[in-house]
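I have placed the structure first, in the form of structure tokens, so that the comments after it can refer back to it.
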Amino acid sequence: MTRLNLAAAALALGLTAGAASAETVRIGMAPEPYPPFASVDAAGTWTGWEIDLMWALCKAAELECEITPIAWDGLIPALEAGQIDAIMNSMSINEERQKVIDFSDKYYNTPAVIVAAKGAEITPDPEGLSGKIVGVQVSTIHQTYAEKHFGGTAAEIKVYQTQDEANQDLVAGRIDATQADSIAMDAFLTSAEGTACCELKGAVADDPAVLGLGVGVGLRKGDEALKEKFNKAIAAVRADGTYDKITANYFSSSIYGE
Amino acid sequence: MMRALMQPHRIVMLAVAIGLVLWIVFGGNWSWLPKYAPMIVQGVWRTIWLLALSILIGFALAVPLGLAQASGPRVLALPARAFCTVIRGTPLLLQIWLLYYGLGSLFPGIPWIRESDLWPILRQAWPYALLALSLSYAGYEGEVMRGAFASVPRGQIEAARAMGMPRWKIFSRISLPLALQSVLPTLGGEAVLQLKATPLVATITVIEIYAVSSRVRQDTLITYEPLFLVAAIYLVLAALIVLAFRKMEGRQPRRTA
């Protein structure tokens with residue numbers, strides 16, 4: 001009996017030792033395309049700025065990482081349920097989310113903008129959107145912001161599962177404007193469809209309580225070890241130039257947002 | 001009845017069921033309920049009218065579809081059969097998306113539609129949801145009605161003809177009542193299926209009860225309680241449909257000449 005226990009203990013020891021040297025961190029990513037940050041092609045290959053950064057961070061933190069695709073609105077439940085260990089999916093750090101999960105330091109921060117049809121008389125403020133239909137992606141800071149600031153004057157805040165669908169409906173004229181992240185909208189506005197129909201109407205007024213403190217890695221509450229590793233890795237890639245090198249592949253200017 | 005219910009395994013199962021419900025009700029986090037109550041009521045109402053209207057429109061289409069296939073000339077029977085086959089052979093979700101993102105996004109390209117008084121309605125999502133649900137119901141029920149009309153005994157119709165009844169009267173007095181009588185239980189089941197097809201319209205921004213529950217889930221990050229609530233609501237709606245159809249079946253007049 002004792003020997004059996006010993007064997008079990010040795011086995012457990014061996015396992016923990018093995019886990020420590022090659023700790024696999026499952027990173028939750030939504031398969032909904034969000035170029036140029038993250039998108040997955042038909043063959044299952046992930047590409048984008050955020051994907052490149054993720055591999056760089058994992059390398060800097062000496063973590064064994066793997067991508068676990070989970071739908072956007074299932075990411076936080078999956079993190080809580082232990083199906084994934086971290087979320088790296090352009091998730092903004094804000095109060096609501098901080099009640100449920102922890103975040104690393106921010107790794108990028110871009111303004112929120114309003115995009116509307118060419119020539120439409122729309123400005124990115126409550127008066128300019130009065131009587132208009134504004135489309136936003138569900139569970140985003142943009143939804144919260146639009147409902148808080150434009151909810152009173154706009155005709156309707158329409159909520160979409162993906163930003164792609166909101167863009168489709170903007171092209172189709174079913175919504176008058178959409179609010180989203182400036183860089184995500186940049187990709188749309190430079191596409192053939194976007195160039196033809198729409199234009200940037202400007203950034204919305206800042207509201208840190210809603211728009212948050214930038215984008216960070218979402219982590220389980222109390223997972224201090226992993227948080228520490230990611231924070232150190234973010235600082236490391238910022239310091240050694242890896243961050244800027246990756247950014248240069250996708251954007252014309254820094255997106256860190258000092 | 002009572003004695004059958006009182007068997008030991010039944011009592012245990014009943015206790016487990018009641019315990020489960022109590023556990024959900026008292027153990028769950030329902031603090032969000034007051035805040036979302038108006039949205040929930042609105043969502044339930046939207047589900048109900050979408051269901052009722054799509055069944056009415058769908059059934060109104062299904063009768064001619066069934067009749068055309070069962071006893072119509074080939075020119076009518078073939079398109080009717082093609083319609084039913086296509087509708088029944090493709091996923092409803094696909095039909096909804098094709099109508100909303102396909103047909104719906106063609107309209108704004110046509111200036112006179114965009115400038116017409118209909119545009120404020122056509123730019124919304126519910127007309128496409130209602131259309132897709134109605135067409136789907138018509139497709140399935142068209143097939144059911146084909147069988148129903150085909151099963152009306154020929155002797156009945158021949159007798160009516162022999163008595164000099166006009167065609168329309170044969171249809172309204174003989175074929176339709178007999179056909180309806182034979183398929184009423186099927187129609188009840190299909191209505192319940194139709195109820196459970198309605199959440200698909202949430203994908204095109206129609207905020208019915210399922211969409212409300214995902215909204216609550218996404219806002220509050222509470223996962224299970226909203227889902228339990230919608231499950232309970234669908235259960236009640238399905239029970240109401242079943243009861244309504246049972247009543248109709250019981251009330252069916254058996255005319256004897």
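Per chain, numbering begins at 1; letters A, B, ... match sequence-line order. Because the structure is a prediction, the values reported are computed rather than measured. Any value given below was found using the heavy atoms of this structure, including those in side chains, with hydrogens, waters and symmetry copies removed.
The minimum heavy-atom distance between Arg123(B) and Asp176(A), with the atom names listed, is NH2-OD1, 3.2 Å.
Heavy atoms from other residues, nucleotides or ligands lying under 6.0 Å from CD of Glu96(A) number 12 at most. The number of heavy atoms from other shown groups lying within 6.0 Å of CD (Glu95(A)) does not exceed 12. Atom CZ of Arg246(B) sits in a sparse spot, with 12 or fewer heavy atoms from other residues, nucleotides or ligands closer than 6.0 Å. Other residues, nucleotides and ligands place no more than 12 heavy atoms under 6.0 Å from the CH2 atom of Trp45(B). Counting heavy atoms of neighbouring residues, nucleotides and ligands inside a 6.0 Å radius, atom NZ of Lys35(B) does not exceed 12 of them.
Glu165(A) CD to Thr203(B) OG1: the interatomic distance, rounded to the nearest 0.5 Å, is 7.5 Å. With values rounded to the nearest 0.5 angstrom, Arg174(A) atom CZ is found 4.0 Å from Tyr100(B) atom OH.
Chain B forms the most heavy-atom pairs under 4.5 Å with one residue out of Val171(A), Val100(A), Asp169(A), and that residue is Asp169(A).
Neither the backbone nor the side chain of Glu156(A) comes within contact range of chain B; no heavy atoms are under 4.5 Å apart. With a threshold of 4.5 angstrom between heavy atoms, Ile133(A) approaches chain B through side-chain atoms but not through N, CA, C or O.
Against chain A, the residues from residues 209-235 of chain B that qualify, each with a non-hydrogen atom under 4.5 angstrom away, are Arg215(B), Arg217(B), Gln218(B), Asp219(B), Leu221(B), Thr223(B) in number order.
Looking at Lys158(A) and Ile207(B), their side chains never come closer than 4.5 Å, going by heavy atoms from C-beta outward.
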